[in-house]
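Only this structure's heavy atoms are used, side chains among them; waters, hydrogens and symmetry mates stay out.
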Amino acid sequence: MPVAHAPSRTLALLAVAGIGAYSLQRYFSRTALAESPQEPPVYFGGGGMNLTSLRLYSVQIVNHNTKRLLFELPDKDARCGLSLTSALLTITRPKGRWLPVIRPYTPINDFREPGFIELMVKKYPNGKASSHLHSLEPGQSVTFAGTIKGFPWSPNKFSHVYLLAGGAGITPIYQLIQGVLNNPEEKTKMTLIFGVNTEQDLVLRDELDDFKKRFPDRFNVVYTVSDPSKTADGSSSPSNPSYKQGRITESLLKEVMKGPDEKGIKIFVCGPPAMEASLTGYRNQGILGKLGYRKDHIHKF
């Protein structure tokens with residue numbers, strides 16, 4: 001999930017009060033752990049408030065404004081317990097701020113793998129939470145406040161899923177892609193259209209291209225770059241035939257999608273507000289509505 005709009009002062013105050021109350025409850029009830037001592041502990045699986053401080057294990061620079069942050073769970077055998085399309089609330093205290101900053105981030109790691117949570121965080125010019133997270137070094141910690149559950153995904157409910165992602169909106173989309181394709185019980189086909197500003201913004205491209213190679217009959221990805229002639233620093237970039245030029249437009253959707261009469265489809269949209277408004281519009285009057293897709297076809301993260 002991309003970085004949310006700034007929470008209100010009321011939300012921050014309620015969070016501060018809730019932290020104290022929840023700390024007492026957590027002292028008497030360790031609901032974050034699995035009930036059986038023989039089973040690996042499970043964190044965040046129950047949803048709702050679940051304060052947990054996790055240590056930053058490593059930092060990987062992706063591009064000029066994006067980092068991958070790998071956090072350790074308290075037990076190396078622990079599982080995060082998250083369901084597909086879930087996000088985690090972070091509570092940070094940037095320098096000079098009295099009230100905490102609360103933001104949701106979507107983990108991008110494979111939930112089957114134990115011991116860690118990985119976030120991919122884009123730093124925004126005035127982003128208090130993202131700037132703070134980018135400043136962290138291995139060994140420092142972040143408080144996670146609990147889970148935000150997303151779309152209730154059911155295996156094989158849809159025959160074909162279209163995924164329309166823009167910029168940092170790729171994170172919940174990628175979480176869904178890997179969760180579906182890594183599940184041997186799944187047969188769902190997936191088509192991703194990923195739009196960005198520059199080629200350097202095509203994050204997770206190696207992983208996406210690998211999925212395309214591993215699942216050629218079930219997964220396809222189309223990249224489109226608004227300004228392929230420019231790099232992130234403004235310098236010129238040679239043309240690249242591996243992606244299309246421009247935004248996610250009506251003509252591109254007509255080219256890639258089979259139309260609203262296709263059976264068993266679902267469309268997931270996640271990206272900047274302007275992109276989502278263009279695609280979904282008001283009362284389904286965006287590009288997708290003009291192409292004949294119904295409101296129940298579409299889900300916005």
Next on the checklist: Please tell me whether Glu262 and Tyr162 have a donor and an acceptor in their side chains that are separated by less than 3.5 angstrom.
Outcome noted: yes
Item to check | Flag side-chain contact, heavy atom, 4.5 Å: Leu164 against Leu253 | outcome: yes
Checklist entry - Among the clusters formed by ILVMFWY side chains lying less than 4.5 Å apart, do Phe194 and Phe215 turn up in the same one? => result yes
Checklist entry - Looking at side-chain heavy atoms only, is the closest gap between Gln175 and Asp110 below 4.5 Å? => result no
Item to check | His297 side chain to Arg294 backbone, donor-acceptor under 3.5 Å | outcome: yes
Next on the checklist: Does either side chain, that of His160 or that of Thr191, offer a donor lying less than 3.5 Å from an acceptor on the other one?
Outcome noted: yes
Item to check | Parallel, tilted or perpendicular: ring planes of Phe268 versus Phe158, cut at 30 and 60 degrees | outcome: perpendicular
Checklist entry - Under a 4.0 Å N-O cut-off, is there an ion pair linking Glu118 with Arg68? => result yes
Next on the checklist: Grouping I, L, V, M, F, W and Y whenever their side-chain heavy atoms are under 4.5 Å apart, do Leu84 and Ile298 come out in a common cluster?
Outcome noted: no
Item to check | Carboxylate-amine/guanidinium proximity below 4.0 Å for Lys213 and Asp209 | outcome: no
Checklist entry - At their closest point, which heavy atom of Val59 faces which heavy atom of Pro138, and how far apart are they? => result CG2-CD, 4.2 Å
Checklist entry - More than 12 non-hydrogen atoms from neighbouring residues, nucleotides or ligands closer than 6.0 Å to NZ on Lys266, yes or no? => result yes
Next on the checklist: Surrounding CG of Asp296 (heavy atoms of other residues, nucleotides or ligands, distance under 6.0 Å), is the total greater than 12?
Outcome noted: yes
Checklist entry - Of the non-hydrogen atoms in Val101 and Pro94, which two are nearest, and what is the gap between them? => result CG2-CD, 3.7 Å
Next on the checklist: Less than 4.5 Å apart, side chain to side chain, heavy atoms only: is that true for Glu113 and Asn109?
Outcome noted: no
Next on the checklist: Quick check: do Arg55 and Val142 have side-chain heavy atoms less than 4.5 Å from each other?
Outcome noted: no
Checklist entry - Of the non-hydrogen atoms in His134 and Val121, which two are nearest, and what is the gap between them? => result NE2-O, 2.8 Å
Checklist entry - Does any N or O in the side chain of Tyr293 come within less than 3.5 Å of the main-chain N or O of Gly259, such that one atom is a donor and the other an acceptor? => result yes
Next on the checklist: A side-chain contact here means heavy atoms from C-beta on lying under 4.5 Å apart; do Arg218 and Val180 qualify?
Outcome noted: yes
Checklist entry - Does the side chain of Leu82 reach to within under 4.5 Å of the side chain of Pro107, using non-hydrogen atoms? => result yes
Item to check | Atom of Gly195, atom of Ile248 and distance for their closest heavy-atom approach | outcome: N-CD1, 4.0 Å
Next on the checklist: If I compare all heavy atoms of Leu208 with all of Phe219, which pair ends up nearest, and what's the gap?
Outcome noted: O-CE2, 3.5 Å
Checklist entry - Do Thr92 and Thr90 get their side chains close enough for a donor-acceptor pair, meaning under 3.5 Å? => result no
Next on the checklist: If you count heavy atoms of other groups shown closer than 6.0 angstrom to NZ of Lys123, is the number above 12?
Outcome noted: no
Checklist entry - Under 4.5 Å between side-chain heavy atoms, hopping through other hydrophobics if needed: is there a path connecting Val196 to Ile287? => result no
Checklist entry - For the residue pair Phe301 and His299, does the interplanar ring angle fall in the parallel (under 30°), tilted (30 to 60°) or perpendicular (over 60°) class? => result perpendicular
Item to check | Cation-pi, Phe111 ring and Arg79 (6.0 angstrom, 45 degrees) | outcome: no
Checklist entry - Going by distance alone, is a donor N or O of one side chain under 3.5 Å from an acceptor N or O of the other, for Glu199 and Tyr243? => result yes
Next on the checklist: Quick check on the hydrophobic clustering: are Val161 and Phe211 connected, directly or via other members, by side-chain heavy-atom contacts under 4.5 Å?
Outcome noted: yes
Checklist entry - Which atom pair, heavy atoms only, marks the closest approach of Val269 to Met275? => result CG1-CE, 4.1 Å
Item to check | side-chain contact (heavy atoms from CB on, under 4.5 Å) between Thr280 and Lys300, worked out | outcome: CA-CA 9 Å; Thr280 63; Lys300 290 195 301 181; 3.7 Å; yes
Checklist entry - More than 12 non-hydrogen atoms from neighbouring residues, nucleotides or ligands closer than 6.0 Å to CD on Glu137, yes or no? => result no
Item to check | Transitive ILVMFWY side-chain link Leu163 to Met257, under 4.5 Å | outcome: no
Item to check | Leu99 backbone acceptor or donor facing Arg93 side chain under 3.5 Å | outcome: no
Checklist entry - Hey, does the side chain of Ser278 reach the backbone of Ala274 with a donor-acceptor pair shorter than 3.5 angstrom? => result no
Checklist entry - Pick from Leu89, Thr171, Ile117, Leu119: which one makes a side chain to side chain contact (heavy atoms under 4.5 Å, CB included) with Tyr105? => result Leu119
Next on the checklist: Show, in sequence, the C-alpha distance, side-chain angles and deciding distance for Asn156 and Glu186, and conclude whether the side-chain contact (heavy atoms from CB on, under 4.5 Å) test is met.
Outcome noted: CA-CA 6 Å; Asn156 301 311; Glu186 281 274 14; 3.3 Å; yes
Checklist entry - Would Tyr57 and Phe71 count as a close aromatic pair, with their ring centres under 6.0 Å? => result no
